Protein chains: 2
Amino acid sequence: MNKKQMQSEQTKKRVAEAARSLFALKGYKATSIEDIVAATGSSKGNIYYHFKSKEGLFLYLFDEWDREWEENWEKKQWQYQTMKEKLFGMAEQLALEDLNHPLNRAAEEFFHMEEKSNDVEERIKAIYQNHFQFFETFIQRGIDQGEFKHVNAKHLAIGLESMFVGLSQMSRAASSEDVGKLYQSAVQAFLFGIAIDSD
Amino acid sequence: MNKKQMQSEQTKKRVAEAARSLFALKGYKATSIEDIVAATGSSKGNIYYHFKSKEGLFLYLFDEWDREWEENWEKKQWQYQTMKEKLFGMAEQLALEDLNHPLNRAAEEFFHMEEKSNDVEERIKAIYQNHFQFFETFIQRGIDQGEFKHVNAKHLAIGLESMFVGLSQMSRAASSEDVGKLYQSAVQAFLFGIAIDSD
DNA sequence: TTTTATACTGAACGTTCATTCTGTATCATA
DNA sequence: TATGATACAGAATGAACGTTCAGTATAAAA
């Protein structure tokens, strides 16, 4: 790799990292390109040389996060034996890691914005579909291994994703609660139910 | 009531209804005061005479919705006997009524905006607390009546709210699915669990 | 050394928008 | 009828910000 290419790559990283900090601190909308300029010393034009748009820059950061999450999970999941244990473990990772991830708040804001370019909208849908697929495979494995009932894996995959997405949002409003316990009892309910007559 | 007061009230209603339609159509941020001016024939100044701000106008509409929801639920819940049935009934009302409510999308956007005035932030927190309280009472009743296990009602109230909030959001991404079924299986899981070994 | 592609600059553009403010019309009240 | 309050009009304010573009510097390629 060239000296020039290396510098270019470094610049891109510097911009990305500054952007991540700013998005974390101020939120997506409230972080202006000007803010990133001030934080990096790079010029506006240069930022647009490295990233297609503000949306593109954010999506770049989000992808990094998503990739890292899956890597961490792959490393971690082997310590658990059953699918039930895995699910509790996943809840733990989500509660501890995700909630404290710098992009957490900004991502929520970003995903709920109404003014998005069409390609971004498509990307977001694809991300969700990916998560659904992940959980569907997970649940299906539980069924195949005789741990889970013969439920509709597709529906309950969405149910699981819903629960975790919602949990992540509610954890902020219900601040005084112990978040770990919250996630744990939610998963407990999802696995074993809260009703007494188990039919 | 005066003729003047009546006209004033009508104007306020006209503005509110136009705003609701526009928020539903274009989203919160994308709906400008100018849009509402164009739709009502009222002037900007007049809108600000009747409502404190754009945020205030939206919150006014949201309150109406919240009130109506509780009224509808109060009417409906008596047709169900057990708490389990009630929960399924609630899921139905949420799936059918809420998802089609004009403000649904805009409210999501509004609640996830990062730039909010402090009093609005407080209001939103209060709204959530209210929902938590509602579910906590609900679950506690189930426990007292011997229908539910001795779970932590506080935690699971948040869990329920999380699930429904998440479900409402996911229902858009997973459009092709039958939303009613989706809610139903989520509640089914929450009540009876998906695991086979019910401990 | 000349040429060319890449990396970078920053001023200018174009647009959007919530809110305020000064003034006016209308109706209730005294 | 005179006075005061209420309801309404709409121009002006004032700021914010993403994106583009014409031009410059730097280093690789020829």
Side-chain angles (χ1 to χ4, degrees), chain A residues 1-19 22-23 25-61 106 109-110 113-121, chain B residues 1-19 22-23 25-61 106 109-110 113-121:
Chain A
M1 191 178 295
N2 279 342
K3 179 184 165 194
K4 207 177 187 181
Q5 286 176 315
M6 276 189 47
Q7 257 187 349
S8 178
E9 213 173 60
Q10 272 194 339
T11 312
K12 189 168 180 179
K13 260 187 195 156
R14 219 180 52 238
V15 170
E17 265 158 44
L22 284 164
F23 285 140
L25 188 67
K26 313 178 62 174
Y28 175 75
K29 183 86 193 192
T31 297
S32 65
I33 302 294
E34 205 88 44
D35 289 336
I36 302 172
V37 167
T40 53
S42 262
S43 67
K44 273 190 180 182
N46 198 24
I47 292 171
Y48 277 87
Y49 176 77
H50 287 289
F51 299 98
K52 186 187 163 198
S53 62
K54 193 183 172 187
E55 281 178 329
L57 170 52
F58 188 84
L59 244 27
Y60 174 89
L61 294 171
E109 186 195 352
F110 183 80
M113 261 186 343
E114 285 290 315
E115 326 135 299
K116 301 191 218 76
S117 55
N118 285 346
D119 48 334
V120 170
E121 197 109 33
Chain B
M1 192 179 293
N2 279 343
K3 178 185 165 192
K4 205 177 188 181
Q5 286 174 313
M6 275 189 47
Q7 256 188 349
S8 177
E9 213 174 59
Q10 272 195 338
T11 312
K12 188 168 180 178
K13 260 186 195 156
R14 219 179 52 238
V15 171
E17 267 158 43
L22 284 163
F23 285 142
L25 188 66
K26 312 177 63 175
Y28 175 76
K29 184 89 193 194
T31 297
S32 65
I33 303 294
E34 204 89 44
D35 289 336
I36 303 173
V37 166
T40 54
S42 263
S43 66
K44 274 189 180 181
N46 198 23
I47 291 172
Y48 276 87
Y49 176 78
H50 287 289
F51 300 97
K52 187 187 162 199
S53 61
K54 192 183 172 186
E55 280 179 330
L57 170 52
F58 188 84
L59 242 28
Y60 174 89
L61 294 171
E109 186 195 351
F110 184 81
M113 258 184 347
E114 285 292 313
E115 327 134 297
K116 301 192 218 76
S117 55
N118 284 348
D119 48 334
V120 169
E121 197 108 33

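In this text, all values refer to a predicted model and were calculated from it rather than measured experimentally. In the text below, chain A, chain B and the rest are named by the order of the sequence lines, each starting its count at 1.
C:dT15 atom P lies 17 Å from atom CD of A:Glu115, rounded to whole Å. A straight line from CZ of B:Phe58 to P of C:dA18 spans 14 Å, rounded to a whole angstrom. If you measure from atom NZ of A:Lys52 to atom C1' of D:dG18, you get 14 Å, rounded to the nearest angstrom. The interatomic distance linking B:Lys44 (NZ) with C:dT22 (C1') rounds to 16 Å, in whole Å. Regarding B:Lys26, its NZ atom lies at a distance of 12 Å from the C1' atom of C:dC17, rounded to whole Å. Counting to the nearest Å, the P atom of C:dT26 and the CD atom of B:Gln5 are 19 Å from each other. The distance between atom OH of B:Tyr49 and atom P of C:dG23, rounded to the nearest whole Å, is 19 Å. When the C1' atom of C:dA18 is taken as reference, atom CZ of B:Phe23 falls 12 Å away, rounded to whole Å.
For D:dT6, the OP1/OP2 oxygens have no side-chain nitrogen or oxygen of B:His50 closer than 4.0 Å. Listed pair B:Lys3 / C:dC27 meets the phosphate criterion, a side-chain N or O lying under 4.0 Å from OP1 or OP2. Contact annotation: A:Asn46 side-chain N/O to C:dA7 OP1/OP2 distance is not under 4.0 Å. A close approach under 4.0 Å does occur between a side-chain nitrogen or oxygen of A:Thr11 and OP1 or OP2 of C:dC8. OP1 and OP2 of D:dC8 both lie 4.0 Å or more from every side-chain N or O belonging to B:Ser43.
A donor-acceptor contact shorter than 3.5 Å is absent between the side chain of B:Lys26 and the backbone of B:Ser32. Of the possible donor and acceptor atoms, none in the side chain of B:Ser8 sits under 3.5 Å from a partner among the backbone N and O of B:Lys4. The main-chain N or O of B:Glu109 is never found under 3.5 Å from a side-chain atom of B:Lys29 such that the two would form a donor-acceptor pair.
Both A:Ile47 and B:Lys4 lie close to DNA chain C; mapped to their nearest nucleotides by heavy-atom distance, the more 5′-ward contact belongs to A:Ile47. Take the nearest nucleotide of DNA chain C for B:Lys54 and for A:Gly45: the residue whose nucleotide is more 5' is A:Gly45.
An end-to-end axis angle of 0° holds for the helix from C:dT3-D:dA28 to C:dA30-D:dT1, taken from five base pairs per end and rounded to 10°.
With values rounded to the nearest 0.5 angstrom, A:Arg14 atom CZ is found 12.5 Å from A:Ile36 atom CD1. Separating the OH atom in A:Tyr60 from the NE2 atom in A:His50 is a distance of 10.5 Å, to the nearest 0.5 Å.
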Let me see the working for B:Asn46 and B:Thr40 under side-chain contact (heavy atoms from CB on, under 4.5 Å), right down to the final yes or no.
-> CA-CA 11 Å; B:Asn46 198 23; B:Thr40 54; over 6 Å; no
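B:Lys52 has its side chain within reach of B:Asp119: a pair of non-hydrogen atoms, C-beta onward, lies under 4.5 Å apart.
The two residues A:Glu55 and A:Glu115 make their nearest non-hydrogen contact at OE2-O, 4.0 Å. Taking each heavy atom of B:Thr11 and B:Ser42 in turn, the nearest pair found is CG2-OG, 3.6 Å.
Against DNA chain D, the stretch residues 29-42 of chain A makes heavy-atom approaches under 4.0 Å through A:Thr31, A:Ser32, A:Ile33.
By the ring-ring contact (aromatic ring centres under 6.0 Å, His included) test, B:Tyr28 pairs with B:Phe23, B:Phe58, B:Phe110, sequence neighbours left out.
For A:Asn2, whose side chain is taken as the heavy atoms from C-beta onward, the closest listed nucleotide among D:dA7, D:dG18, D:dA28 is D:dA28. With distances taken from any side-chain atom of B:Ser53 to the nucleotides C:dA7, D:dT19, C:dT19, the minimum falls on C:dT19.
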